[in-house]
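Report on the structure given below.
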Amino acid sequence: MYDYLKQTGHPVDENGNMVIGTDIYTAFVGLRDSILVHTKDAILVLQKEKSQDVKKYTIHLNVINPN
């Protein structure tokens, strides 16, 4: 998932960190290869090796907050 997102134009900083869903300034202090996903209902931070788990958490978020 991480590599696909990178290939489709999501920017990555010098430490391999990626922000999805917001244009606000985001700093990753002491983190490498991390992804921050921002939605109107939640913020998810995960290591890129766990990027396949985004779907699982998206489903969970939709269950607990269906609107």
Side-chain angles (χ1 to χ4, degrees):
M1 176 71 74
Y2 176 89
D3 293 330
Y4 170 77
L5 292 169
K6 186 175 175 182
Q7 290 174 356
T8 58
H10 288 280
V12 176
D13 73 10
E14 64 276 2
N15 292 313
N17 299 309
M18 178 184 296
V19 176
I20 301 170
T22 185
D23 292 329
I24 62 171
Y25 175 76
T26 305
F28 293 86
V29 179
L31 298 173
R32 301 182 73 76
D33 300 326
S34 298
I35 304 170
L36 182 139
V37 181
H38 180 270
T39 70
K40 67 181 181 104
D41 300 318
I43 296 173
L44 172 65
V45 180
L46 65 154
Q47 292 296 121
K48 79 174 189 179
E49 292 81 19
K50 300 290 186 176
S51 63
Q52 295 298 325
D53 292 344
V54 170
K55 182 177 180 181
K56 175 175 72 175
Y57 291 105
T58 301
I59 291 169
H60 176 73
L61 180 60
N62 288 334
V63 168
I64 64 170
N65 190 7
N67 296 326

- Note on the structure: The reported gap from OG in Ser51 to CE in Met18 (rounded to nearest 0.5 angstrom) is 8.5 Å
- Task: Return yes if some donor-acceptor pair links the side-chain N/O of Ser34 with the main-chain N/O of Leu31 below 3.5 Å, else return no.
- Result: no
- Item | Option passing side-chain contact (heavy atoms from CB on, under 4.5 Å) with Ile20 (candidates Thr39, Leu5, Leu44) | Leu5
- Rounded to the nearest 0.5 Å, how far does CG of Leu46 lie from CG of Asp33? 11.5 Å
- Short question: side chain of Tyr2, backbone of Ile35 - any donor-acceptor pair under 3.5 Å? no
- Query: In terms of hydrophobic clustering (I, L, V, M, F, W, Y; side-chain heavy atoms under 4.5 Å; direct or indirect links), are Tyr4 and Val37 co-clustered?
  - Reply: yes
- Query: Between Met1 and Gln52, which heavy-atom pair has the shortest distance, and what is it?
  - Reply: N-NE2, 2.9 Å
- Where at least one partner belongs to residues 12-27, residue pairs that pass side chain to side chain donor-acceptor pair (under 3.5 Å), sequence neighbours excluded: Asp13-Asn17, Asn15-Arg32
- Joint cluster assignment, Ile43 & Phe28, ILVMFWY side-chain distance < 4.5 Å: yes
